[in-house]
K.L.:
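My questions will all concern the structure given below.
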Amino acid sequence: MLQPMRTKFRKAHKGRIHGLATSGVDLAFGQFGLKALEPERVTARQIEAARRALTRHMKRSGRVWIRIFPDVPVSKKPLEVRMGSGKGAPEFWVARVKPGRILFEVDGVTAGLAREALALAAAKLPIKTRFVERIAE
C-alpha cells in the first residue's frame with residue numbers, strides 16, 4: 001500500500017476539504033481518466049483496491065497512472081479508552097481529494113474497456129466520479 005517514507009510530523013490535524021482542485025484537473029499522461037466530483041478523504045487501502053480492480057479488468061494490458069498519494073496520517077485511539085490522555089497513534093494514511101481532481105489515468109486500451117475498468121475502480125472509492133477522455137487534437 002502507498003504511504004510516505006518519512007514525514008515532517010507524525011500526526012496531522014483533521015482539517016476540512018474546501019473548494020475545488022486547482023492542480024491535477026487535466027489528463028496529463030493517459031487517454032482516459034477518472035475524475036472526482038466530491039470532496040472526501042480516500043484511504044491507501046481504497047486506492048490499492050481500485051488499482052487492483054482496474055489492472056485485473058484490463059488483464060494487465062495498457063498502462064495505469066495513480067494521480068493521488070496518501071500523505072496525511074489519520075490517528076485513532078484504541079477501543080474502550082477513556083477521554084483525554086492525548087491524541088492516538090497514527091493508524092492509516094489518506095489522500096485529501098477535492099472535486100475536479102483526476103484520480104486514475106489509463107492508456108493503451110480501447111475506450112470501452114477503459115470505461116468498464118474505471119467503473120469497477122470507481123465502485124471501490126467512497127466518492128462520486130466521472131469518466132473523462134482526452135479530446136483528439
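Worth knowing before you read on, the calculation uses all heavy atoms, side chains too, and leaves out hydrogens, waters and symmetry mates. Being a predicted model, the structure only gives us computed values, none of them experimental.
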K.L.:
Restricting to side-chain contact (heavy atoms from CB on, under 4.5 Å), what partner residues turn up for K11, sequence neighbours left out?
P.N.:
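Listed in chain order: K87, P90.
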K.L.:
Once ring-ring contact (aromatic ring centres under 6.0 Å, His included) is applied, do any residues pair with F92, and if so which ones, sequence neighbours excluded?
P.N.:
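Not a single residue meets the ring-ring contact (aromatic ring centres under 6.0 Å, His included) criterion with F92.
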K.L.:
For A21 and G100, work out which heavy atoms get closest and say how close.
P.N.:
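Nearest heavy atoms, A21 then G100: CB-C, 4.2 Å.
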K.L.:
So, do R96 and V72 sit near enough that their side-chain heavy atoms are less than 4.5 Å apart?
P.N.:
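A side-chain contact under 4.5 Å exists here.
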K.L.:
Kindly write out the residues that satisfy side-chain contact (heavy atoms from CB on, under 4.5 Å) with K8, not counting sequence neighbours, or none if the list is empty.
P.N.:
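Result, side-chain contact (heavy atoms from CB on, under 4.5 Å) vs K8: none returned.
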K.L.:
Can you list everything that forms a side-chain contact (heavy atoms from CB on, under 4.5 Å) with R16? Sequence neighbours excluded, please.
P.N.:
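Per chain and number, R16 pairs via side-chain contact (heavy atoms from CB on, under 4.5 Å) with K14, H18.
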K.L.:
Quick one: side-chain hydrogen bond (donor to acceptor under 3.5 Å, both in side chains) pairs with a partner in residues 65-75, sequence neighbours left out?
P.N.:
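Checked against side-chain hydrogen bond (donor to acceptor under 3.5 Å, both in side chains) - neighbours excluded - the pairs reaching residues 65-75 are R67-E105.
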K.L.:
Taking all non-hydrogen atoms of both residues into account, name the closest pair between V25 and K35 and its distance.
P.N.:
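Heavy atoms of V25 and K35 come nearest at O-NZ, 3.2 Å.
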K.L.:
Which ILVMFWY residues can you reach from V64 by hopping between side chains whose heavy atoms are under 4.5 Å apart?
P.N.:
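The other cluster members (ILVMFWY side chains, heavy atoms under 4.5 Å, direct or chained) are L2, F32, L34, V42, I47, L54, M58, I66, I68, F69, V97, L103, F104, V106, V109, L113, L118, L125, I127, F131.
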K.L.:
Tell me who clusters with V81, hydrophobic residues only, linked when side chains sit under 4.5 Å apart either directly or through other members.
P.N.:
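Members alongside V81: none; it stands by itself.
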K.L.:
Hydrophobic side-chain clustering at under 4.5 Å (ILVMFWY, transitive links): who's grouped with L79? Put none if nobody.
P.N.:
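Cluster partners of L79: none, it stands alone.
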K.L.:
Without swapping roles, check the side chain of K98 against the backbone of I17 for a donor-acceptor pair under 3.5 Å.
P.N.:
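Checked: no pair found.
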K.L.:
My understanding is that only residues two or more places apart in sequence, or in another chain, count here; which of them pass side-chain contact (heavy atoms from CB on, under 4.5 Å) with A119?
P.N.:
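A119 satisfies side-chain contact (heavy atoms from CB on, under 4.5 Å) with no residue once adjacent residues are dropped.
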K.L.:
What heavy-atom pair brings S85 and K77 nearest, and what distance separates the two atoms?
P.N.:
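Closest approach of S85 to K77, heavy atoms only: OG-NZ, 3.9 Å.
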K.L.:
So does G30 get a backbone contact from the side chain of R63, meaning a donor-acceptor N/O pair under 3.5 Å?
P.N.:
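Side chain of R63 to backbone of G30: no pair is present.
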K.L.:
Kindly indicate, with the supporting measurements, whether the criterion side-chain contact (heavy atoms from CB on, under 4.5 Å) is fulfilled by R56 and L120.
P.N.:
CA-CA 10 Å; R56 184 170 289 145; L120 287 172; over 6 Å; no
K.L.:
Who passes salt bridge (Lys or Arg N to Asp or Glu O under 4.0 Å) against E48, sequence neighbours left out?
P.N.:
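By the salt bridge (Lys or Arg N to Asp or Glu O under 4.0 Å) rule, E48 matches R51, R52.
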K.L.:
Not counting sequence neighbours, list each pair that qualifies as a side-chain hydrogen bond (donor to acceptor under 3.5 Å, both in side chains) and has a residue in residues 19-29.
P.N.:
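Output for this query is empty, none listed.
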K.L.:
Could you list all the side-chain hydrogen bond (donor to acceptor under 3.5 Å, both in side chains) pairs where at least one residue sits in residues 117-131, not counting sequence neighbours?
P.N.:
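Sorted pair list comes back empty.
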